[in-house]
Protein chains: 2
Amino acid sequence: MANIQEIAKLAGVSSATVSRVINHKPHVSSETRAHVQQIINQLDYVPNINAVSLKKGATKMLGIVAPTFSDSLGTFLKNFTLAAQQGGYNVTLFLTGLDKQKELEAFERLRNKQLDGLVLVIRLNEWDVLESYAKYGPIVTWQRVEDRNIQSVFMNQYDGYMLALEHLYEKGYRKIVNAYGNTAGLNTKSREKAYADFCQKYDLNPNEFKHFYNQGHMSEGETMARWWVDQTHKPDAFVMATDYLASGLVTEAKRLGLSIPQDFAVVGFDNTLVAHLLDLTTIHYPIGKQGENAFIMIDNQLSKRTNPLEALSFHLVERLTT
Amino acid sequence: MANIQEIAKLAGVSSATVSRVINHKPHVSSETRAHVQQIINQLDYVPNINAVSLKKGATKMLGIVAPTFSDSLGTFLKNFTLAAQQGGYNVTLFLTGLDKQKELEAFERLRNKQLDGLVLVIRLNEWDVLESYAKYGPIVTWQRVEDRNIQSVFMNQYDGYMLALEHLYEKGYRKIVNAYGNTAGLNTKSREKAYADFCQKYDLNPNEFKHFYNQGHMSEGETMARWWVDQTHKPDAFVMATDYLASGLVTEAKRLGLSIPQDFAVVGFDNTLVAHLLDLTTIHYPIGKQGENAFIMIDNQLSKRTNPLEALSFHLVERLTT
DNA sequence: TTGTACGCGTTATCAA
DNA sequence: TTGATAACGCGTACAA
């Protein structure tokens, strides 16, 4: 396999000159340039990128770390990757499962110079252990974090949730049930706060109905439909943690012969494909733009620029379930 | 940033010894090993992976190349990545859009040693230009290809399509409409062949109804529902190119007040999330396993092993639309 | 068991 | 404009 020395020898120049030609640097006569280029083409030569990376101390490679592959991760990944490629980077995906060690392995890639930067979607390890890697390169996360060494594209879901609530109120619904996601996360706390404030504002009893926690799988949405049937004092609306969860509720309700929104209204969250498919009223969550911003943040740190971020905001998408 | 020499100096040994310790190689006394390891920990040292890659001529890095990010790509990517990580590889994603040049850039990574191997999901360039990269590392594709330098996890969709057809026949449907995908691809040809054979077998007129081609987007499925309404001579069943497309047909039909499968039956293809969600009868297409096989093929070539592949087969998933 | 010394392939500094 | 050469950081024959 040809290397730069071989090209140099065959072209009758030094490797320095060949390097200049490869990298389109000045101070080479156009004749030499042409000649060297010809030899390069002839031998079908390309520079070994590992040598370049070693020399430069950078790889133009970014990592994206997440526990599992979901619909949302898909959109995030897609947009992040597209933006990164646009900026001259490639991105490699690390799926950690629930293995803290695997997450650390990804971070080690930052330390050992394989990655120039990293975006951590959902963390497994404690923030302080992850933060200790920030000195090896920019780290951006999708979650909220109080750490000036780790940037974040986090959005406060209080606002989005309030949008859903206000929409229901406006439509006349007063008996609302909440299905929250992971209790440990901050999103649930923000949403609870939104609901509490909402009840206070309109003088509603926040504990009139059961609150559902740690809901995530579609089957749990299905269970909620059956729960509704069993109630004597029935709610008239559900705000669901995700579209996915909402879809379980809606499809099971239909199987049970209920009609939506006549029997009850449903609002999803995220505005993913599923919501479109099932005509779910939902809150649009700009995950794609968060992905783009994640790249911009990394790129800004890496190239010491300050490119502006995309504006991020929730908005209501009204469809047929309210 | 500490390097191997520095560790060696501080430990009072040579870099060779340090290297042996790092890589857990024999012929080091346990005392020296312990001592060196201590210095390593103390200085928080890790080997620069670019130097290692340069030296070894391999990166333990694989690429996956596709034009756009879809639901199916998601499952393929997930399974491929998981398998690769299991085998000590990481995978980087290349999204090419419709840009042939971008696709070539990914292949260049193979040539310049950044990638040890590559899986090409959907190609943009001609096979012969892609094939010319096979000498730089193993290439596996999801599409069908006649080239002994490029392996494939392709599955003949004839079998899967016939499964759908036979199922409909068994259920009593005789007036079947086909919605095919991309006309240029081989999948459509296989499916057409299946339908032709099916008609011959049961003595049906293959042209009793219109054939739909190049169907892909959900809205096109929706259009087909309205088409059905307009017909005087109505078909009683649809076989759709993808679940996604089928979902458009089904949801629009419901909006129009039709009932499925009473008015007509629908069979999807792929068995993706959407099919589960809408209770679509569909053909399960083991895309995840194809992803795993793609890795096994690459790994086998790279490590000159012959690990067995996963068995791949279509099967019918009967739900509520037939 | 340990060390020496070279090579991997490139970029960049300095001198010519 | 060009060339010689020193890094970059590591692995590995080969010698001791």
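The sequence lines fix the lettering, A, B, ..., with proteins before strands; numbering per chain opens at 1.
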> Between A:Arg144 and A:Glu146, does any side-chain N to carboxylate O distance fall below 4.0 Å?
yes
> Nearest-Å distance, CD1 (A:Ile22) to P (C:dA12)?
12 Å
> Between atom CD1 in B:Ile4 and atom P in C:dC8, what is the gap in whole Å?
18 Å
> CG of B:Asn48 versus C1' of C:dT10: gap in Å, rounded?
14 Å
> Considering every strand and a 4.0 Å limit on heavy-atom distances, what is the contact class for A:Val46: base, sugar-phosphate, or nothing?
sugar-phosphate
> Counting heavy atoms not belonging to A:Lys304, are there more than 12 under 6.0 Å from its NZ?
no
> Rounded to the nearest angstrom, tell me the gap between atom OH in B:Tyr45 and atom P in D:dG9.
9 Å
> For C:dG9 and A:Asn3 - does any side-chain N or O of the residue sit under 4.0 Å from the phosphate oxygens OP1/OP2?
yes
> Compare the minimum distances between each of D:dG3, D:dC10, C:dG9 and the side chain of B:Leu54, then state the nucleotide with the smallest one.
C:dG9
> Taking atom C1' of D:dT1 as reference, at what distance in whole Å does atom NE2 of A:His35 sit?
15 Å
> For B:Ala51 and B:His27, find the nucleotide of DNA chain C closest to each by heavy atoms; which residue's nucleotide sits nearer the 5' end?
B:His27
> When you check the gap from the basic side-chain N to the acidic O, do A:Asp299 and A:Arg305 get nearer than 4.0 Å?
yes
> Check this one for me: any side-chain N or O of B:Thr32 less than 4.0 Å away from OP1 or OP2 of C:dT2?
yes
> Write down the atom of B:Gly63, the atom of B:Phe80, and the distance for their closest heavy-atom approach.
O-CE2, 4.5 Å
> If I take atom NZ in residue A:Lys113 and atom P in nucleotide D:dG9, what distance separates them, rounded to the nearest angstrom?
8 Å
> Per the side-chain hydrogen bond (donor to acceptor under 3.5 Å, both in side chains) rule, what does the pair list look like for residues 92-104 of chain B, sequence neighbours excluded?
B:Glu103-B:Asn125
> In whole Å, what is the span from the NZ atom of B:Lys9 to the C1' atom of C:dT4?
16 Å
> Starting from P on D:dC10, measure out to CD on B:Gln5 and report it in whole angstrom.
8 Å
> Please list, for nucleotides 12-16 of chain D, all pairs of protein and nucleotide N/O atoms separated by less than 3.5 Å.
{"unit_1": "D:dT12", "atom_1": "OP2", "unit_2": "B:Lys25", "atom_2": "NZ", "d": "3.0"}

> Is a side-chain donor-acceptor pair under 3.5 Å present for B:Thr306 with B:Asn300?
no
> Could you check whether any side-chain heavy atom of A:Ile139 comes within less than 4.5 Å of a side-chain heavy atom of A:Leu130, counting everything from C-beta outward?
no
